[in-house]
Amino acid sequence: MQVAAPKRYDGRIIIHFDYDCFYAAVFEREDPKLKSLPFAVQQKQIIVTCNYEARRRGLYKLQLVREARKKCPDVIIVLGEDLTRFRNASKDNYNFLRGYTWSNKVERLGFDEVFMDVTDIIDYNAALLNYNNLASSFFHLDRNDPTVGFSFDASHVFGHIFPVAFQASEVAAVPTDEPAWNDDRDLLLRLRLGSHLAQHLRHQLDEQKGYTSTVGISTNKIISKLVGNVNKPTGQTTLVPPYNPQCGKSESNVTKFLDNHDIGKIPGIGFKTAQTIRNHVLGRPAAFSAGLVYGPTEENVKVRDVRKFNGMGPQLLGRLLAGPGVPKDLGEKVWGLINGVDDAEVAKAKEVPQQISIEDSYLRLDEIEHITKELKMLSTSLIKRLRLDLTSALDPDDVEITSEEEDGAQVQVDSATTPRRWIAHPKVLRLSTRPRPPLKPDGTRSRTFKRISRSTNMPFFVFSFAHSVDLLANRLVEETLVPLFRKLHPEKSDWNLSLVNLCATNMSLTASDSKDGAGRDISRMFRRQDDVLREWKVEDVDIAPSDDSNDQRTPDDGDDRIEDEISHQDPLEHLPLGSQDLRTFTQESLRGKDEWDSDEEMQDAGEACSICGAAMPPYAMLAHERFHDLSD
DNA sequence: GAGGTATAG
DNA sequence: TTTTCTATACCTC
């Protein structure tokens, strides 16, 4: 009994980018000589990626360094364990691509992949085409300036297409006199536009940023991503219509494409889901390739086998995959995926990540001194990351300049010299550990990777620019993390940890600064309203009780309301290098004695809240700070 | 809030 | 799945 395929919606055009051997490319950009040499990036004992010259000589991803050297003795290997440069380059490329979107639907997946929903740009251009002369078309990149764009030939798809056999007949299959209401013709036309836009973006990315990329063009995330793989590297592939079966005549190209993929290769179908499905289709437990490094020992279950399996459909899949913790609609979702249907939106660019976490693993971690030391290290990294990722230049215009800088290093230099302010604060700090399970009677250790955690309000002194990261980290460990650790591990000293994780989460936007260009105007409007409300809110706060003995305060959306009053703030401490003594304002003025009073560095007239950057006379700070406190 | 499951790079 | 380091979404109590 056959279940009907889910209904397709192919109204979008989505481009998936994958930068070619990204880690290697980052280094090659710093030192172009590497490009012509066999070159690889190492993490731990493995080659995480290598350039194509190295691949030509037999090297490959995830190869052991020893093997690589044996195979290719003159390979140049650099250590790539510090992710900072990759993160910066990734952000820079992302912002670059984002600059082309109208909808701001640009989603980063890891460091080296980006989805763009360019539907609006495509539809706009489709409407302006001259169907009598598609070959001499102009692609508009700016709705407000008709001169911005490029010439292109809209009578052909640019680059590769799938299926390949379709190539020769592509033009013939869509004669220009065919009626415009033909769905496939319309889709093909929009995909063509997408392919030319993709080519333009790839070219710009290469020319201006120095990164080549491989892209896929289609109508949803999953097939755009998968179809890009067809021509690697530095290629682009468009999945051409028909996307629906032609009334008994031809098969859907989507199905033709997906059917030959291993079930586990479909994005969204991970190991667990794939194994469960394999088990059912094979009628027995499916073997799995433990190593993954060697051999194609996978069970051979293709999408086609699953799709055509007797009774297969959303209900069966739902029953198969049900279990604690699994999304309720997983059956529906997977059924969609194997039919190439994926309604997932390309997420709008987010101003700020949802969480920032740092972790490290240990062979042995069982002494409190050692723990404290590691907490200190992790705290230092975390605070640096918070400053890097959650602050922006104070002047909104600087934000634009900064984001268009050439590379990550440049951005960091700017960070050190440009006044900065927080654009969001994590409200919660979470400490997680992974205790090593005790030995079982038989001497073996049960394999458990479970984590336990405790969380608390993020103390807001970590947002001060006045003190070195080191100092802040010390204080965070002593005042917050050690108590949290004791809560997590009440036992005296019996623990033995294999992992420690620090996570800053529950981000609270500071408003107004969304790097999201579309959001800025909106937030300005809100701010005007907030101005009207501000007096009320501050008075509310002013008469509320407060607890000055409690250090663990939480910054909150309250920040939003004092946005306009920013005057100036001091430069961000140079993050990668640690501390500098920079003068700024902190909350000391309201809190009386604490260990920082000796610092003597924030006594200037006119205070600025260290949380939101708002400047105000000292007498207003008390109420203001309580405001942060209370709005939790 | 705390913990779990699953996924991806 | 296990070696790791992040990040995300969704589920449950």
Side-chain angles (χ1 to χ4, degrees), chain A residues 16-19 21-23 42-46 48-49 61-62 64 80-84 86-87 90 107-115 221-222 225-226 264-278 285-294 297-299 321-330 333-334 337 344-345 347 350 352-363 378 381-382 385 389 426-437 445-457 484 487-488 498-507 554 632:
Chain A
H16 174 261
F17 286 81
D18 190 333
Y19 312 135
C21 31
F22 181 59
Y23 283 12
Q42 171 184 9
Q43 278 175 356
K44 308 280 171 170
Q45 288 310 305
I46 55 171
V48 286
T49 195
K61 279 188 190 176
L62 305 185
L64 287 170
E81 287 170 8
D82 178 357
L83 304 183
T84 310
F86 308 133
R87 186 153 42 222
S90 174
E107 185 179 346
R108 204 158 57 120
L109 187 56
F111 284 169
D112 71 335
E113 293 179 37
V114 172
F115 290 101
K221 288 170 72 173
I222 171 194
K225 177 175 162 112
L226 285 174
K265 287 284 168 26
I266 305 303
I269 300 181
F271 179 82
K272 296 271 191 186
T273 305
Q275 279 303 82
T276 306
I277 293 174
R278 287 187 191 113
F288 53 83
S289 57
L292 202 64
V293 180
Y294 299 119
T297 55
E298 281 287 316
E299 294 276 4
L321 303 172
V326 310
K328 195 209 163 302
D329 59 347
L330 189 61
K333 196 190 131 194
V334 169
L337 292 180
E345 289 278 330
K350 286 210 191 79
V352 139
Q354 302 231 122
Q355 62 179 54
I356 295 175
S357 75
I358 308 278
E359 71 186 36
D360 209 342
S361 54
Y362 308 89
L363 292 172
L378 293 169
S381 305
L382 184 68
R385 281 288 307 282
D389 294 350
K427 290 191 285 191
V428 171
L429 175 67
R430 182 168 62 229
L431 171 68
S432 312
T433 63
R434 188 176 65 193
R436 208 179 292 285
R445 214 186 276 282
S446 56
R447 286 305 220 181
T448 175
F449 292 87
K450 293 193 188 317
R451 296 173 179 210
I452 54 176
S453 70
R454 289 295 180 275
S455 53
T456 186
N457 287 346
L484 209 51
K487 213 164 125 195
L488 189 56
S498 62
L499 177 144
V500 179
N501 172 293
L502 278 191
C503 179
T505 185
N506 279 33
M507 296 298 176
T554 303
D632 201 351

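On a predicted model such as this, the values are computed, not experimentally measured, just so you know. Sequence lines set the chain letters: A, B, ... in the order given, protein chains first and strands last, and positions in each chain run from 1. Because only heavy atoms are used, hydrogens play no part in the values below, and waters and symmetry mates are left out as well, while side chains stay in.
Nearest nucleotide to the Lys450(A) side chain, out of dG9(B), dT6(C), dT5(B): dT5(B). Side-chain proximity of Ser453(A) to dA2(B), dC5(C), dT8(C): nearest is dA2(B). Of all nucleotides listed (dC5(C), dA2(B), dG9(B)), dG9(B) comes nearest to the side chain of Asp112(A). For Ile358(A), whose side chain is taken as the heavy atoms from C-beta onward, the closest listed nucleotide among dC5(C), dG9(B), dT6(C) is dT6(C). Of the candidates dC5(C), dT8(C), dG1(B), dG1(B) carries the atom nearest the Val428(A) side chain, counting heavy atoms from C-beta on. Considering only side-chain atoms of Glu113(A), the nucleotide from dG3(B), dG9(B), dT6(C) that sits closest is dG9(B). Taking only side-chain atoms of Pro327(A), from C-beta outward, the nucleotide of dT7(B), dT6(C), dC10(C) with the closest atom is dC10(C). Taking every side-chain heavy atom of Ile452(A) into account, dG3(B) is the closest of dC10(C), dG3(B), dC5(C).
Spacing between atom CD1 of Ile356(A) and atom C1' of dC5(C) amounts to 14 Å, rounded to whole angstrom units. Distance, Glu359(A) CD to dT2(C) P: 17 Å, rounded to whole Å. Here the C1' atom of nucleotide dA2(B) and the CG atom of Leu488(A) are 11 Å apart, to the nearest Å. Here dG1(B) presents its C1' atom at 15 Å from CD of Gln355(A), a figure rounded to the nearest Å. Gln45(A) places its CD atom 20 Å from the P atom of dT2(C), with the value rounded to the nearest Å. Per the geometry, NZ belonging to Lys328(A) stands 17 Å off C1' belonging to dA9(C), to the nearest Å. Atom-to-atom, CD of Glu345(A) to P of dT8(C) comes out at 18 Å; the value is rounded to the nearest Å. A straight line from CZ of Phe271(A) to P of dG9(B) spans 16 Å, rounded to a whole angstrom.
Between atom CD1 of residue Ile452(A) and atom CG of residue Leu431(A) there is a gap of 9.0 Å, rounded to the nearest 0.5 Å. The line from OG of Ser498(A) to CZ of Arg451(A) is 9.0 Å long, rounded to the nearest 0.5 Å.
Within the nucleic acid shown, Arg385(A) comes within 4.0 Å of sugar-phosphate atoms alone, with no base atom in reach, counting heavy atoms only. Residue contacts shown for Asn501(A) are absent, as no nucleic acid heavy atom lies under 4.0 Å away. Across all strands shown, Gly325(A) has heavy atoms under 4.0 Å from base atoms, whether or not it also approaches the sugar-phosphate. Among the heavy atoms of the strands lying under 4.0 Å from Ile266(A) are primed sugar atoms or P, OP1, OP2 only; no base atom is included. Nucleic acid contact class of Gly268(A) (heavy atoms, under 4.0 Å, all strands): sugar-phosphate only.
Contact annotation: Thr273(A) side-chain N/O to dA6(B) OP1/OP2 distance is not under 4.0 Å. Proximity of Lys333(A) to the phosphate of dA9(C): no side-chain N or O atom is located under 4.0 Å from OP1 or OP2. The phosphate of dT2(C) has neither OP1 nor OP2 within less than 4.0 Å of any side-chain N or O from Arg434(A). One finds a side-chain N or O of Arg454(A) lying less than 4.0 angstrom from the OP1 or OP2 phosphate oxygen of dG3(B). The shortest distance between the side-chain N/O atoms of Gln354(A) and the OP1/OP2 oxygens of dA9(C) is below 4.0 Å. Note on Ser357(A): every side-chain N or O is 4.0 Å or more away from OP1 and OP2 of dT6(C).
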* Verdict with supporting geometry, Asp389(A) and Arg385(A), salt bridge (Lys or Arg N to Asp or Glu O under 4.0 Å) -> CA-CA 6 Å; Asp389(A) 294 350; Arg385(A) 281 288 307 282; 2.9 Å; yes
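With P as the reference atom, dT3(C) and dG3(B) are 25 Å apart, rounded to whole Å. Comparing the same atom, P, in dT4(C) and in dA2(B) gives a spacing of 25 Å after rounding to whole Å.
Aromatic ring orientation, Tyr23(A) versus Phe111(A): tilted (interplanar angle from 30° to 60°).
Looking at heavy atoms from C-beta onward, Phe115(A) lies in side-chain contact with Lys225(A) at the 4.5 angstrom threshold. Ser90(A) places a side-chain heavy atom less than 4.5 Å from the side chain of Arg108(A).
Around atom CD of Glu81(A), more than 12 heavy atoms belonging to other residues, nucleotides or ligands sit under 6.0 Å away.
Heavy-atom distances to DNA chain C give each of Arg87(A) and Ile46(A) a nearest nucleotide, and the one nearer the 5′ end belongs to Ile46(A).
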